Amino acid sequence: GTVYQQLGPWLVSQLCESVRENRKILVEVVLLAVCFSVLKNFAGAFASSYVSDLCYILVFCVLAVLMMQSFLTFRGIVCGVLEKSVEFFRIFIPTFSIAMVFSAGAGSASGFYQTAFLIIYLIEWLFLTILVPMIHIYILTVFINYFFEEEKFANMMELIGGLIQWIIRLAGIIVLGLNVVQGIVAPAKDRLLYGTAGRAMAMIPGIGNAVNGVSELLLGSGIMIKNCVGAAALIVLVILVSVPMAQAGCIVFFYKVAAAVVEPFADKRIAGCLKGMAQGGMLYLKLMGYCVMLIFLTIALTVASSGFIY
């Protein structure tokens with residue numbers, strides 16, 4: 001009870017701190033949009049249009065610096081979640097594999113070991129090395145697209161965003177499919193092996209029934225230990241990523257709020273840029289969500305498929 005009482009206020013304090021930090025950026029962005037609207041109306045009194053264009057360039061540059069600063073913070077949160085998840089999973093794999101060898105069998109343990117390291121490879125190589133830089137390219141494309149009056153790179157933005165989402169979904173489908181196949185094949189193989197061994201021990205005259213009863217008791221205890229280890233890992237994983245994901249969600253929410261607030265009176269390019277930044281933030285959120293989902297589902301499906309008595 002004491003742990004939960006301390007954990008709740010800590011999570012709330014971390015979330016409130018993130019809200020305060022991003023609220024400052026939101027206020028600065030809205031004030032910049034208001035200032036630009038005033039300058040644009042004032043510049044409309046001049047015959048030359050270059051004054052209005054110069055005002056937009058100045059405001060857009062300041063706005064870009066603010067949003068890039070916020071997005072670098074966003075990137076740090078995302079990379080931190082991915083790296084912490086990989087480190088946690090790498091530490092968890094040996095412990096859980098040993099528990100599976102003594103409770104579910106070597107086949108199930110080997111299948112989990114291979115799938116787990118495939119997930120680590122996907123996160124380290126695909127997510128961190130390829131998808132994170134692709135999201136950076138998407139954000140730069142947003143800035144370039146809304147710098148001009150005509151949206152010259154809208155199709156490029158759509159192409160990059162769609163490609164990132166398809167790669168993330170494909171990785172999720174591959175890992176989920178492997179988990180389903182492993183959950184079907186490996187436990188059946190181990191069940192056949194242990195069932196045959198149990199019947200052979202039961203046929204020993206005199207001590208067969210006692211040996212079989214003790215082996216079932218030990219096997220049931222091993223399954224209980226394995227399931228408890230898996231459940232504890234799921235709880236720790238959720239606690240580990242809950243605060244960073246809440247902070248990232250706050251950043252995306254503030255981008256959306258800023259775009260909605262400035263749209264009625266600001267230049268449509270500024271509102272579009274903020275909306276594009278929110279979409280880039282959603283890509284980051286999906287990346288983190290799929291990373292956690294791959295690890296969570298792998299542990300949960302492995303525990304569920306191997307939790308039986310022979």
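For clarity, every value in this text was computed on a predicted model and none was experimentally measured.
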Within this structure, what is the [atom1]-[atom2] distance for the pair [X] and [Y], rounded to the nearest 0.5 Å?
X: Lys152; Y: Met157; atom1: NZ; atom2: CE; result: 15.5 Å
X: Leu274; Y: Met277; atom1: CG; atom2: CE; result: 8.0 Å
X: Phe74; Y: Cys79; atom1: CZ; atom2: SG; result: 11.0 Å
X: Leu170; Y: Ile168; atom1: CG; atom2: CD1; result: 11.0 Å
X: Ile299; Y: Leu237; atom1: CD1; atom2: CG; result: 6.0 Å
X: Cys291; Y: Lys84; atom1: SG; atom2: NZ; result: 12.5 Å

Could you pull out all residues at least two apart from [X] that satisfy side chain to side chain contact (heavy atoms under 4.5 Å, CB included)?
X: Ala154; result: Asn145, Glu151
X: Leu294; result: Ile119, Phe127, Val175
X: Gln165; result: Arg169, Leu283, Lys286

Worksheet item: Quick one: side chain to side chain donor-acceptor pair (under 3.5 Å) pairs with a partner in residues 59-68, sequence neighbours left out?
Response: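 Sorted pair list comes back empty.
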Just wondering, do [Y] and [X] contact through their side chains at under 4.5 Å, heavy atoms?
X: Leu128; Y: Val86; value: no
X: Leu240; Y: Val292; value: no
X: Ile295; Y: Ile123; value: yes
X: Tyr255; Y: Val252; value: no

Quick one: side chains of residues 137-144, donor-acceptor pairs under 3.5 Å with protein atoms, not counting sequence neighbours, listed by atom name and distance.
from   : atom 1 : to     : atom 2 : distance (Å)
Tyr138 : OH     : Gln279 : OE1    : 3.0
Thr141 : OG1    : Ile137 : O      : 2.7

For [X] and [Y], which heavy atoms make the closest approach, and how far apart are they?
X: Pro244; Y: Val81; result: CB-CG2, 3.2 Å
X: Ala259; Y: Lys275; result: CB-N, 3.9 Å
X: Phe71; Y: Gly280; result: CZ-C, 3.7 Å
X: Val241; Y: Ser85; result: CG1-OG, 3.9 Å
X: Met288; Y: Ala248; result: CE-CB, 3.3 Å

Once ring pair (Phe, Tyr, Trp, His ring centres under 6.0 Å) is applied, do any residues pair with [X], and if so which ones, sequence neighbours excluded?
X: Phe88; value: none
X: Phe296; value: none
X: Phe92; value: Phe96
X: Phe253; value: none

Worksheet entry | side chain to side chain contact (heavy atoms under 4.5 Å, CB included), paired with Ile77, selected from Leu82, Val243, Ile251 |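 Single side chain to side chain contact (heavy atoms under 4.5 Å, CB included) partner of Ile77 among Leu82, Val243, Ile251: Ile251.
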Fill in: Any donor-acceptor pair under 3.5 Å from Ser70 side chain to Leu66 backbone
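Judged by distance alone, no pair lies under 3.5 Å.
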Fill in: Side-chain donor or acceptor of Ser242 paired with backbone N/O of Ile239 under 3.5 Å
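Judged by distance alone, yes, a pair lies under 3.5 Å.
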Worksheet item: Counting only heavy atoms not in Met156, do more than 12 sit closer than 6.0 Å to its CE atom?
Response: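 No.
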Fill in: Sequence neighbours excluded - salt bridge (charged side-chain N to carboxylate O under 4.0 Å, His left out) pairs with any residue from residues 292-304
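Residue pairs with at least one partner in residues 292-304: there are none.
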Worksheet entry | Pairs involving residues 111-129, ordered by first then second residue, that meet salt bridge (charged side-chain N to carboxylate O under 4.0 Å, His left out) (sequence neighbours left out) |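 Output for this query lists Arg90-Glu124.
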Worksheet item: Can you name the residues that form a side chain to side chain donor-acceptor pair (under 3.5 Å) with Tyr146, not counting sequence neighbours?
Response: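 Once residues adjacent in sequence are excluded, Tyr146 has no partner under the side chain to side chain donor-acceptor pair (under 3.5 Å) criterion.
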